[in-house]
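Every chain is numbered from 1, with letters handed out A, B, ... down the list of sequences.
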There are 2 protein chains.
Amino acid sequence: MAFDMLSNLSFPALKIREREFGKPARNEGRAATKTRILAATEKLFIVHGFDATSLRAITTEAGVNLAAVNYHFGSKEELFALVLTNRLDTLNLERVRLLDALEENGFDAVNTVEQLIATMFLPALRLARNVERGGDDFLKFLGRAYADSSPFVRNLLAERYAAQNARFVHAFAKALPELAAQDLSMRLHFMLDAISSTLASEDARKLMAGLAATATGDSAANEDAAVLGHLAPFLAGSLRARVNQTSQQEAIRTVLAFA
Amino acid sequence: MAFDMLSNLSFPALKIREREFGKPARNEGRAATKTRILAATEKLFIVHGFDATSLRAITTEAGVNLAAVNYHFGSKEELFALVLTNRLDTLNLERVRLLDALEENGFDAVNTVEQLIATMFLPALRLARNVERGGDDFLKFLGRAYADSSPFVRNLLAERYAAQNARFVHAFAKALPELAAQDLSMRLHFMLDAISSTLASEDARKLMAGLAATATGDSAANEDAAVLGHLAPFLAGSLRARVNQTSQQEAIRTVLAFA
DNA sequence: TACAAAATCGAACAATTGTTTGAATCGTTC
DNA sequence: GAACGATTCAAACAATTGTTCGATTTTGTA
């Protein structure tokens with residue numbers, strides 16, 4: 001299966017890891033073939049997704065022979081599984097860690113939803129600031145991964161992170177007891193789809209950079225607070241909106257009358 | 001270009017059109033090859049999208065020779081352009097027509113946003129009820145089209161419907177003057193991405209059917225009102241949410257403290 | 001330095017893609 | 001019924017895909 005080699009590599013710190021574990025560590029000259037393939041794969045995946053990224057494009061970008069991919073990683077799917085999980089495992093781990101911490105210390109009574117949203121997105125913002133982990137590209141990568149249409153990527157994410165996702169769904173349900181399960185499911189669905197496709201698009205990320213620039217003072221924490229200050233109320237507003245208010249119903253019926 | 005033959009066909013009423021215009025009208029026996037190809041294309045596009053739908057899959061589904069596509073439509077792209085625009089032209093026309101009617105008669109003062117949202121989605125709901133136009137499949141089709149990742153589809157939609165989209169952006173901006181252009185752009189972006197990918201997914205549409213079932217009385221108009229009664233307040237809530245409330249900011253900073 | 005394992009390389013593989021070709025068939029018109 | 005254009009068909013085309021093979025080179029170790 002594709003998961004056989006998932007645990008023995010950490011990218012992009014691959015070369016260091018090999019040295020740590022006293023692995024063969026041959027081929028120390030310049031960047032090792034494996035590392036360069038992984039970097040090229042990530043770069044091209046961000047732009048084109050899984051299906052549209054060919055092994056020839058990857059090996060050309062990496063300056064490496066075509067056969068190297070199958071030699072080092074077994075198959076295209078195993079290569080991409082490695083690239084995806086190395087990014088997303090750390091992200092989801094950090095998310096759940098934050099959720100644990102907040103559940104232990106108790107949520108803010110009136111702003112639980114905002115806090116849950118912050119919990120989901122803060123880890124991504126922080127990783128996006130870590131240059132070693134790809135900097136800005138991390139958000140693009142995240143968007144691509146969750147928006148990718150290939151069955152392989154969708155199944156990988158759904159199966160591997162099902163437990164973590166369920167934790168958050170459960171937490172939101174507890175924070176919004178007045179919302180029918182039906183409506184909550186729809187709204188969370190909306191919210192996550194929106195985030196993914198937005199992160200993947202270029203202009204939306206520039207917009208987020210603009211939000212970060214409105215921070216008072218320019219510490220990293222202030223920037224995160226600024227972005228979440230725009231994002232969380234917006235999303236929380238959608239989750240909390242009341243359904244079927246009579247004045248709204250009347251307004252909608254006016255539109256129906258014209259159609 | 002792909003648009004050469006866009007104007008001379010109307011699907012699915014193709015056979016009738018040919019007769020109307022006194023076209024050759026040969027090959028009247030059974031369903032004409034063209035019509036069957038168009039139907040098969042639409043069916044497979046809904047499930048697999050543009051890239052993953054091969055001409056061989058289409059011609060097999062249609063029970064037609066492989067070469068028929070290039071003979072009747074010129075190329076794969078021209079075929080899909082025809083399928084896409086025949087659906088979306090009518091939709092966008094109806095949307096703008098509704099918008100015109102409401103702008104002329106004046107919006108509800110306090111619920112303009114809800115009305116604008118209803119204006120955007122009501123035409124889709126109505127077309128989805130028209131069995132001749134594909135019934136339920138129309139919503140799947142719509143979701144696929146706007147979520148498709150292929151450059152061809154994205155460019156087609158962006159270029160062809162740029163003017164209509166701008167009309168709605170402008171209307172929302174007028175209805176939400178207190179919202180910075182930056183925030184409005186982000187929120188509309190979110191909203192539309194969310195709608196598309198939600199329509200494309202199977203479970204979300206079952207959910208909408210569930211909402212429709214909550215209607216009092218079961219006329220078509222009541223069902224539309226029920227769906228919009230859940231959808232519009234939810235989306236309006238997200239568009240209207242206030243940014244940077246101090247209590248929310250405090251709650252978010254609590255989360256930052258744990259990270 | 002010599003040996004063996006690891007890694008790289010060019011080349012070819014089989015499968016799939018959209019498209020084109022030229023002959024065979026069908027339907028209409030004279 | 002002959003002739004002509006429109007349509008259908010099987011077959012092949014060229015390009016691209018992921019993968020595999022065998023020979024060659026590189027590398028660490030004895």
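- The side chain of B:N70 approaches C:dT20 more closely than any other nucleotide in the set D:dG18, C:dG18, C:dT20.
- At D:dA6, none of the side-chain N or O atoms of B:H72 fall inside 4.0 Å of OP1 or OP2 (strictly under the cut-off).
- Using a 4.0 Å cut-off between charged nitrogen and carboxylate oxygen, A:D100 and A:R97 do not count as a salt-bridge pair.
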Donor-acceptor contacts, no H, no angles, side chain residues 55-69 of chain A, under 3.5 Å, sequence neighbours left out:
residue : atom : partner : partner atom : Å
A:T59   : OG1  : A:L55   : O            : 3.0
A:T59   : OG1  : A:R56   : O            : 3.2
A:T60   : OG1  : A:R56   : O            : 2.7
A:E61   : OE2  : A:K43   : NZ           : 3.0
A:N65   : OD1  : A:A67   : N            : 2.9

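- A cation-pi arrangement, defined by a distance under 6.0 Å to the six-membered ring centre and an angle within 45 degrees of its axis, is absent between A:K34 and A:Y71.
- When ring centroids are compared, B:F45 and B:F141 come within the 6.0 Å threshold.
- Look at CZ on B:F73: it is 15 Å from C1' on D:dT8, rounded to the nearest Å.
- The strand DNA chain C forms stems, runs of 3 or more Watson-Crick or G-U wobble pairs with distances below 3.5 Å, at C:1-13 with D:18-30, C:18-30 with D:1-13.
- Taking 4.0 angstrom as the limit, B:T33 places none of its side-chain polar atoms (N or O) nearer than this to OP1 or OP2 of D:dT7.
- The nearest whole Å value for the distance from the OH atom in A:Y71 to the P atom in C:dA11 is 21 Å.
- Between B:F50 and B:F152, the angle of the ring planes lies from 30° to 60°, which puts this pair in the tilted group.
- At whole-Å resolution of the value, NZ in A:K76 and P in C:dA15 are 19 Å apart.
- Between A:A145 and A:L157, the closest heavy-atom pair is O-CD1, 3.3 Å.
- When side chains are defined from C-beta on, B:N70 does not count as touching B:L79, because their heavy atoms never get closer than 4.5 Å.
- Electrostatic pairing of B:R87 and B:E42 counts as a salt bridge here, judged by a charged N lying under 4.0 Å from a carboxylate O.
- Residues from residues 44-67 of chain B lying near DNA chain D, meaning a heavy-atom separation below 4.0 Å, are B:R56, B:N65, B:A67 in numerical order.
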